[in-house]
Amino acid sequence: MSEVFNKLVSKVKSQDFDEEILIRVGYGASGQAAGSIKVYDWLTNNFKSKGEIRLVGALGLSYLEPIVDIKIKGKPRVLFSNVDVEKIQKITDEYINNQNYLKEYAFAQILQDGEELLDNIPELKNFVPFKYQKRIATRNFGEINPESFDEYILTGGYKSLDKALNSLTPENVLEEVKNSGLRGRGGAAFSTGIKWSFLAGNNAPIKYVLCNCEEGDPGAFNDKGILENDPHTLLEGLIIAGYATKSSHGHIFIRQGHNIPIENARKAVKDAYDNGLLGKNILNSGFDFEVEVSLTGDSYVAGEETALMEAIEGKRSMPRFRPPFPAQAGLWGKPSNINNVKTLSYVPWIIENGANEFKKIGTEKSSGTAIICLSGHINNKGMYEIPFGITIKDLLEKVGGGSSTGKGIKLLQTGGPLGGVLGKEAFDVVMDFEEMAKAGAILGSGGIIVGDQNVDVVDLIRNLVAFNQFESCGKCFPCRLGNTHMLDILDRACNEKSIKGDLDVVKKIGENMKVGSLCGHGQLGYNPISSALKFFDQEFIDKMTTFTIRDEKSKIPKMILPTRTRP
Amino acid sequence: MNTNSKNNNLRSDIREILNSENKKSSKESSPPKTVTVLSCLLSVQDNFHYIPDEAIEEIADFMDKTINDVWGVASFYTNFRFSPPGSYSLDICWGPTCHISGAQEILRGIHKKLGIDTETETKDGKISLGYSTCLGACAQAPVYAIDHHLIGNASVENIMDTIKELK
């Protein structure tokens with residue numbers, strides 16, 4: 001440990017963190033939507049004099065939100081689920097005043113050294129579905145206050161940055177990341193180390209590393225999740241990426257309106273500046289690095305790497321023609337590199353524990369973990385960090401706890417609106433990048449939407465195509481017009497009646513979009529339909545080869561869609 | 001107040017916002033800030049909750065761009081609006097998770113209750129209805145948001161109850 005960093009850590013450690021009673025209330029997007037702020041308000045109004053109350057990030061167990069975590073000195077932390085104002089009154093009365101933990105409300109406990117286990121409540125590490133996780137990028141979720149620099153330092157934060165800057169060369173760091181087998185988690189799954197080496201090989205004085213948290217994929221909330229829960233892990237990864245690629249500037253790129261991630265990112269960057277972890281001569285190593293939080297307007301395509309640069313430059317976020325590639329001329333014409341939030345969040349752990357430890361997790365070609373967001377008709381909705389190699393069946397049954405509607409699971413929608421649909425025949429597939437792609441879907445950013453037997457596949461696909469149509473930037477006409485036509489045809493299939501040849505036309509449009517579009521939005525736009533045809537072709541045939549006008553009962557009404565489309 | 005001086009006031013307010021954009025970037029030892037057409041538009045909308053015509057001209061002037069350049073950006077991003085919004089924004093998600101959880105039925109029900117049939121303001125100016133592609137709390141689907149505050153497990157009834165509680 002370098003002297004400067006040692007000083008910083010001892011300064012943080014010298015403060016008194018030992019509260020008599022500490023109550024943590026989960027406050028991510030999920031907690032907020034479940035109503036945790038009401039519980040927090042009640043606690044601050046009625047309980048503030050008796051203990052410390054904090055808003056923290058979420059554990060990922062979204063289906064149990066709002067989660068309240070109570071720590072009384074000398075006892076384990078007890079976690080209570082689905083807490084509302086009525087419950088919190090009972091919990092504070094019974095547990096804090098009378099030491100009687102209510103086992104009907106408590107679902108898990110976290111034990112620290114020397115504490116005695118409470119009866120009848122499982123430890124969190126053994127709690128299903130929590131126990132299937134290997135938490136690397138999400139290791140601090142629910143543990144620390146996301147706004148607190150000090151708490152991050154106390155969990156060993158920025159140790160990897162100090163190690164990289166003061167005892168490794170940029171080449172060593174790059175080699176380590178390359179050897180770890182880390183691959184991009186934004187969707188393309190390209191080797192992170194190799195991607196970095198493109199930029200590192202360019203000797204320009206000003207170079208950019210960009211962190212992409214645009215995250216427009218419906219069904220995925222893990223990028224925002226990392227910023228909501230632990231922004232410093234990401235920032236540490238970004239600075240290390242800057243060091244390994246010998247870059248001068250970094251940007252964290254977030255969509256406007258997502259207020260918690262934006263505020264957390266800004267606070268983290270400011271704290272890092274204040275503590276000498278950003279700016280000139282970081283930790284006395286001679287390395288200079290500046291980071292800025294940039295916002296974009298609402299545009300899904302802004303998540304594409306060259307469109308993202310256009311957005312940071314303040315223009316319409318439309319993809320650029322390649323070459324030149326970003327590593328040659330990217331943001332403001334300078335060499336640039338883009339990584340997803342999740343990708344960068346693995347980096348501190350890899351530097352601390354070594355490439356080999358990371359390679360041990362997961363499968364041969366997909367090392368490490370996937371951060372999965374489960375939503376839809378499944379019991380244990382939430383965000384889980386699961387090692388690659390689990391079968392989809394186990395993911396649904398063991399982690400997900402099976403169907404929540406009792407009607408049985410019919411399909412998964414993975415990889416966002418440009419990903420695909422998987423039917424029952426694919427449930428034995430092992431979760432890794434290659435196997436998922438072979439099955440017809442992609443893992444993409446990790447969003448998995450589960451549909452039960454009642455879900456109408458054509459209607460679901462219509463929703464995805466409607467999203468793609470709405471979000472097409474309009475630059476390439478195969479994407480702009482193709483999506484519009486496909487939506488028309490699917491609307492017809494769901495609603496009134498199909499026209500002879502509709503199914504063939506869809507296939508033709510899809511093939512043309514693949515070859516005629518500049519970026520993934522058009523190239524992958526046919527994916528949802530092609531993958532759905534693989535598993536559910538009969539449903540398409542039934543709907544699209546019926547040329548009689550539908551009766552009212554079988555009609556699925558026309559979709560209500562936004563009117564503010566791009567001119 | 002006549003329209004002319006009202007207009008001048010609006011313009012000076014906009015200029016003040018734009019100038020403070022620039023100040024942030026010149027402060028030393030704080031995070032750098034890149035000022036662009038887009039960042040100016042976002043600041044104006046943050047303050048006024050819509051983009052007045054005057055702002056387009058002021059931003060063009062401030063950034064040394066044409067009015068066309070600024071309109072091009074403003075009309076591209078779907079979060080920008082060009083007329084004053086209602087007192088509260090109501091965003092209902094129509095992403096796939098919410099879709100299979102009944103978002104379309106909720107949208108239809110809310111249309112009926114509010115007496116509107118598209119993304120627009122209610123007659124009394126209380127609510128601006130918007131459809132969101134994803135609010136990011138899929139685990140609590142269907143989701144809606146009042147003034148960007150997320151609320152899960154939506155139904156026509158509980159959305160209407162929430163609206164009634166708004167003053």
Side-chain angles (χ1 to χ4, degrees), chain A residues 29-30 32-35 62-63 65 216-219 221 224 256-259 266 269-270 273 279 290-300 311-317 373-377 381-382 413 417 447 449 451 455 460 463-464 467 470-471 557 559-564 566-567, chain B residues 29-42 45-46 63 65 69 72-81 91 93-101 103-105 107-108 111 117-120 130-141 143-145 148-153:
Chain A
S30 237
Q32 191 188 75
S62 308
Y63 69 110
E65 296 281 0
D217 273 359
F221 39 94
K224 287 178 288 251
Q256 68 83 34
H258 292 293
N259 295 334
R266 284 191 172 144
V269 168
K270 194 184 169 296
Y273 268 101
E290 310 277 349
V291 170
E292 177 181 347
V293 178
S294 308
L295 303 190
T296 165
D298 288 358
S299 157
Y300 180 62
I312 296 180
E313 293 178 15
K315 302 176 198 151
R316 296 162 79 105
S317 59
C373 300
L374 280 179
S375 66
H377 300 145
K381 302 177 186 71
Q413 201 279 315
I449 301 166
V455 170
L460 173 63
N463 175 279
L464 302 177
F467 176 89
F470 175 67
E471 290 290 4
M559 261 187 85
I560 298 169
L561 290 170
T563 39
R564 294 167 300 159
R566 299 186 170 80
Chain B
S29 86
S30 67
K33 175 145 177 47
T34 311
V35 181
T36 63
V37 171
L38 178 55
S39 75
C40 291
L41 285 166
L42 288 169
Q45 174 136 321
D46 267 352
M63 293 301 297
K65 298 271 184 202
D69 289 337
V73 177
S75 60
F76 182 83
Y77 295 97
T78 47
N79 56 305
F80 293 124
R81 47 174 304 139
D91 289 298
C93 182
W94 63 278
T97 310
C98 293
H99 184 79
I100 60 172
S101 314
Q104 291 287 321
E105 285 80 51
L107 279 173
R108 265 188 285 278
H111 279 170
D117 61 358
T118 178
E119 290 185 292
T120 185
Y131 314 148
S132 170
T133 50
C134 183
L135 289 164
C138 312
Q140 316 292 346
V143 185
Y144 68 105
H148 298 289
H149 184 90
L150 307 177
I151 306 169
N153 291 321

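The analysis underlying the following values was restricted to heavy atoms, covering all of them including side chains, and did not include hydrogens, waters or symmetry mates.
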Task: Segment of A:Q32 engaging chain B (4.5 angstrom heavy-atom cut-off) - done: both
Task: Side-chain heavy-atom pair A:P218, A:P417 within 4.5 angstrom cut-off - done: yes
- [ ] Please tell me if the side chains of A:N463 and B:W94 come closer than 4.5 Å, counting only heavy atoms from C-beta onward.
- [x] yes
- [ ] Flag the one option from A:S317, A:P557, A:G382, A:G376 with the top tally of heavy-atom pairs under 4.5 Å to chain B.
- [x] A:S317
TODO: Could you tell me which of A:D217, A:L460, A:I312, A:T296 has the largest number of non-hydrogen atom pairs under 4.5 Å with chain B?
DONE: A:T296
Task: Proximal component of B:L135, with respect to chain A [non-hydrogen, under 4.5 Å] - done: backbone
Open item on the list: For chain A, which candidate among B:V37, B:T133, B:N153 shows the most heavy-atom pairs at distances under 4.5 Å?
Closed with: B:T133
- [ ] For chain B, find which of A:Q413, A:H258, A:K381 contributes the most heavy-atom pairs closer than 4.5 angstrom.
- [x] A:K381
Task: Option in A:K224, A:M559, A:K315 with maximal non-hydrogen atom pairs under 4.5 Å from chain B - done: A:M559
TODO: Give the ring-plane orientation class for A:F467 versus A:Y300, where under 30° counts as parallel, over 60° as perpendicular and anything between as tilted.
DONE: perpendicular
Open item on the list: Under 4.5 Å from any heavy atom of chain A, what part of B:H149 do you find: side chain, backbone, both or neither?
Closed with: both
Task: When B:Q45, B:H99, B:R108 are compared by non-hydrogen pairs under 4.5 Å with chain A, the top option - done: B:H99
Open item on the list: What part of B:L107 gets within 4.5 angstrom of chain A, counting heavy atoms only: side chain, backbone, both, or neither?
Closed with: both
Task: Full working for side chain to side chain contact (heavy atoms under 4.5 Å, CB included) between B:Q140 and B:L150 - done: CA-CA 10 Å; B:Q140 316 292 346; B:L150 307 177; over 6 Å; no
Open item on the list: Run the side chain to side chain contact (heavy atoms under 4.5 Å, CB included) test on B:T78 and A:F470 for me, step by step, so that the C-alpha distance in whole Å, both residues' side-chain angles and the decisive distance to 0.1 Å come before the verdict.
Closed with: CA-CA 10 Å; B:T78 47; A:F470 175 67; 3.8 Å; yes
Task: A:I560 portion near chain B, given a 4.5 angstrom heavy-atom threshold - done: both
Open item on the list: So, taking the atom named CD1 in B:I151 and the one named CG in B:D91, what distance separates them when rounded to the nearest 0.5 Å?
Closed with: 11.0 Å
TODO: Please state whether the side chain, the backbone, both or neither of A:N259 comes within less than 4.5 Å of a heavy atom of chain B.
DONE: side chain
TODO: Heavy atoms only, distances under 4.5 angstrom: which of B:A103, B:P96, B:C134 has the most pairs with chain A? Name it, please.
DONE: B:P96
Open item on the list: Using heavy-atom distances under 4.5 Å, tell me whether B:T118 contacts chain A through its side chain, its backbone, both, or neither.
Closed with: side chain
Open item on the list: Quick one, A:D298 and B:F80 - any side-chain contact, counting heavy atoms below 4.5 Å?
Closed with: no
Task: Heavy-atom pairs under 4.5 Å with chain A, option from B:G136, B:C40, B:S39, B:A145 with the top count - done: B:G136
- [ ] For side chain to side chain contact (heavy atoms under 4.5 Å, CB included), just list the numbers for A:I449 and B:I100, CA-CA rounded to whole Å, side-chain angles, deciding distance to a tenth of an Å, and then say yes or no.
- [x] CA-CA 9 Å; A:I449 301 166; B:I100 60 172; 3.8 Å; yes
TODO: Work out which heavy atom in B:A141 is nearest to a heavy atom in B:T97; give both atom names and the distance.
DONE: CB-CG2, 3.8 Å
Task: Stepwise side chain to side chain contact (heavy atoms under 4.5 Å, CB included) check, B:V35 with B:M63 - done: CA-CA 9 Å; B:V35 181; B:M63 293 301 297; 4.0 Å; yes
